[in-house]
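In what follows, every chain begins at residue 1, and chains take the letters A, B, ... in the order their sequences are listed.
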Amino acid sequence: MRTQHLNFIACAVAVLAVCSLSSAQVTKYQEDENLGMEAHVGKLTGHAKDAATNYRRYCAGCHGDLGDGEGENAVWLDPKPRNFTLATFKCRSTPSGSLPTDEDLYNTVGRGLESSNMPSWNPLSDQARADLVAYVKHFSDRWKTEKSGAVIEIPPEPAVNAERIKAGQALFQKLECWKCHGVEGRANGPSADTLTDDQNRPIKPFNFHDQTKFKCGAEDRDLYRIFMTGLDGTPMPSFSDNVKPDEAWDLVFYLRTLQPMHTQEKEIAKQLGLKPINPNAPAPAAAPAAPNAAPTTQPQSNENKPQ
Amino acid sequence: MKKQAWYQGLAIFSAALTLIFVFVMSQREVKAAPASGAGITGTIKLEGTAPHQRPIDMSKEPACAAVHKANPVTTEKVVAGSGGGLKNVVVYISEGLSGSAENEVASSKPIWDQKGCQYIPHVMGLNPNQHFEVTNSDPTSHNIHPMPKPGGPNHEWNKSQPSGAPPIDNTWQAPEVAIHVKCNIHPWMSGYMVVVKGPYGVSDDSGSFKIENVPPGSYTLTAWQETLGTQTQKITVAAGKPATADFTFKAK
């Protein structure tokens, strides 16, 4: 009789157990399951479980064993290493607020992030980098419940001409890039001093005169992608909702005239005698604090590069 | 042995019965809930003197400064009207809603306007998956940058909206009290989207709020204010009978 009662209880418990299993938080189980994360880049398939050693050796010092951006070196760094558990990324080919593609992360890991301590990991093999991308993803469950955003397509680059550069300058004015980047792109716009990132740390807009390379890639296509998608986690917004592909190229050409290196665009601007447009109303406000506010570029650290 | 099998059968049978019951109930309520709904009304009061609200200097955006020349604006962290009514408090049902009432999504599409370099409204209630529209009535660009809790179910985004650009239509997928919205170009701009399940109300200039279509039942009501925090109280709503609930926040 007793065992029969027990049997009944066991049955009931089993029913309850099945019901609650879905909400159970078994951390060990989840960690193992997350290590099954993959990354797909071209023909490569990255496996998180194969990157554990490399991650600990090359990345954990900054990004932390738990991927929370709290590695032992993090206190010394500005900007701070990315917290992978939050799954917010600057360099994406996808709309603001969505996950980047595996390829975006793969390119970032290969390229490194200019003006930060994040080095290029090109010395590692392609497979090792693809594995590391999967490992970066395994820190956030967002990758299990959500797909990467729809890639913002970039049409082929048209030929540059004077008309396009002038149109690009008008856009720089109309879209008010200058509010942050300054009328000449010197990172001294009226809002520049007040900008903070999503951790409430001060952040400088990009200075087009000082810097030749962008964090998210140096090519014309990269520049196109940067302002169309924005840099999530920073004040740099996305413009894809309101800028047509043709206009985006005009803007790329104009931005190239601001940079220090010699470009075809710069040559055309010189012939045109292109002057920065003075935004008629608030122009004087930008003047006083500006010149000494130039951002300091941080030297790239090689300490953590693989030997 | 025979008895054991009987007990097992009983257990499985009762489990199945429970499942069927739950299923039927959930189907039934979808249609039943809104019909007999009643409203909850009330007033939010502020006790004590409202903290000083700092005047906002918009001189860096002349177009907006001009709009407010006659009536300079201040921060809106605590907005108390005449008679101590507290504005911009979101009142919602935090406990007691049935599954179907909880998951109903308001059909209205509220507008979050950027006007005179301020957010109008300053505080907006929303259901998860309820659409809202961000508009720009200003002659200047804004970047609309809602910042949900990092790592949570809702995700930060940051979009530029130049003058004259079409509205941005969006939703939040999960409840969150509250999502701070800012504009990086105009650092004084600040507002909150409060995403809650079920019916909600937001207090007006006089501190009055109204929650419509509450199915009969016993609930916990929560009132949220951006700097004064939350308060709760129990309330019972009878079919077709309006209920009232008042809240008092103490000035800090």
Side-chain angles (χ1 to χ4, degrees), chain A residues 1 3-5 7-16 18-19 68 83 85-88 95-99 140-142 145-146 171 174-177 179-180 189-191 193-196 198-199 203 205 227 230-243 280-282 285-286, chain B residues 1-12 14-16 18-19 22 58-66 134 136 139-170 173 180 182-188:
Chain A
M1 201 53 199
T3 48
Q4 282 159 359
H5 269 294
N7 226 313
F8 174 71
I9 291 165
C11 249
V13 167
V15 169
L16 282 176
V18 167
C19 292
D68 55 5
N83 177 344
T85 68
L86 305 182
T88 298
S96 180
S98 65
L99 289 172
S140 167
D141 282 346
R142 196 178 167 194
T145 53
E146 241 177 272
L171 276 168
K174 185 182 143 219
L175 300 173
E176 299 184 15
C177 311
K179 285 266 170 76
C180 296
S191 309
D193 291 342
T194 65
L195 300 177
T196 53
D198 64 353
Q199 298 165 325
I203 187 171
F227 61 76
L231 269 62
D232 281 357
T234 84
M236 172 68 200
S238 78
F239 287 84
S240 59
D241 284 348
N242 296 298
V243 175
N280 29 24
Chain B
M1 205 50 216
K2 245 174 90 189
K3 235 187 174 154
Q4 184 183 343
W6 188 82
Y7 272 122
Q8 274 176 357
L10 185 72
I12 290 165
S14 53
T18 313
L19 281 178
V22 166
M58 294 193 191
S59 55
K60 281 192 176 173
E61 191 58 86
C64 290
V134 180
N136 181 1
T140 175
S141 271
H142 291 289
N143 75 300
I144 164 103
H145 194 170
M147 316 214 22
K149 186 171 159 290
N154 296 314
H155 306 296
E156 165 191 0
W157 48 269
N158 179 6
K159 293 182 172 192
S160 154
Q161 195 174 37
S163 174
I168 297 171
D169 187 308
N170 223 318
Q173 61 175 23
H180 191 206
K182 60 186 209 176
C183 170
N184 300 96
I185 302 175
H186 309 109
W188 60 83

**Item:** Side chain to side chain, I185(B) and P235(A), heavy atoms closer than 4.5 Å
**Value:**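 Contact flag for I185(B)/P235(A) side chains = no.
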Chain B interface, residue from [options] that has the most non-hydrogen pairs under 4.5 Å:
{"options": "G97(A), S98(A), P237(A), S191(A)", "value": "P237(A)"}
{"options": "T88(A), D198(A), L231(A)", "value": "D198(A)"}
{"options": "T85(A), D232(A), D241(A)", "value": "D241(A)"}

**Prompt:** Checking P150(B) against chain A: side chain, backbone, both or neither under 4.5 Å from a heavy atom?
**Reply:**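 The answer is both parts of P150(B).
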Closest non-hydrogen atom pair between [X] and [Y], with its separation:
{"X": "K174(A)", "Y": "S141(B)", "answer": "O-OG, 3.9 Å"}
{"X": "H145(B)", "Y": "T234(A)", "answer": "CE1-O, 3.3 Å"}
{"X": "P139(B)", "Y": "E176(A)", "answer": "O-OE2, 4.5 Å"}
{"X": "N184(B)", "Y": "T196(A)", "answer": "ND2-O, 4.1 Å"}

**Asked** Does a side chain donor of either T140(B) or K179(A) reach within less than 3.5 Å of an acceptor in the other side chain?
**Response**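 Per modelled atom types, T140(B) and K179(A) side chains form a pair under 3.5 Å.
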**Message:** Counting only non-hydrogen atoms closer than 4.5 Å, does E146(A) touch chain B with its backbone (N, CA, C, O), its side chain (CB onward), both, or neither?
**Reply:**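 Only the side chain of E146(A) comes within 4.5 Å of chain B.
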**Prompt:** So which part of L175(A) gets closer than 4.5 Å to some heavy atom of chain B, the side chain, the backbone, both or neither?
**Reply:**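 Both parts, heavy atoms under 4.5 Å.
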**Request:** Measure from the side-chain N and O atoms of S160(B) to the backbone N and O of F239(A), and report whether any donor-acceptor pair falls under 3.5 Å.
**Result:**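 It does not hold such a pair.
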**Asked** What distance do H155(B) atom NE2 and L99(A) atom CG have between them, rounded to the nearest 0.5 Å?
**Response**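 Answer for the NE2-CG pair, H155(B) versus L99(A), is 7.0 Å.
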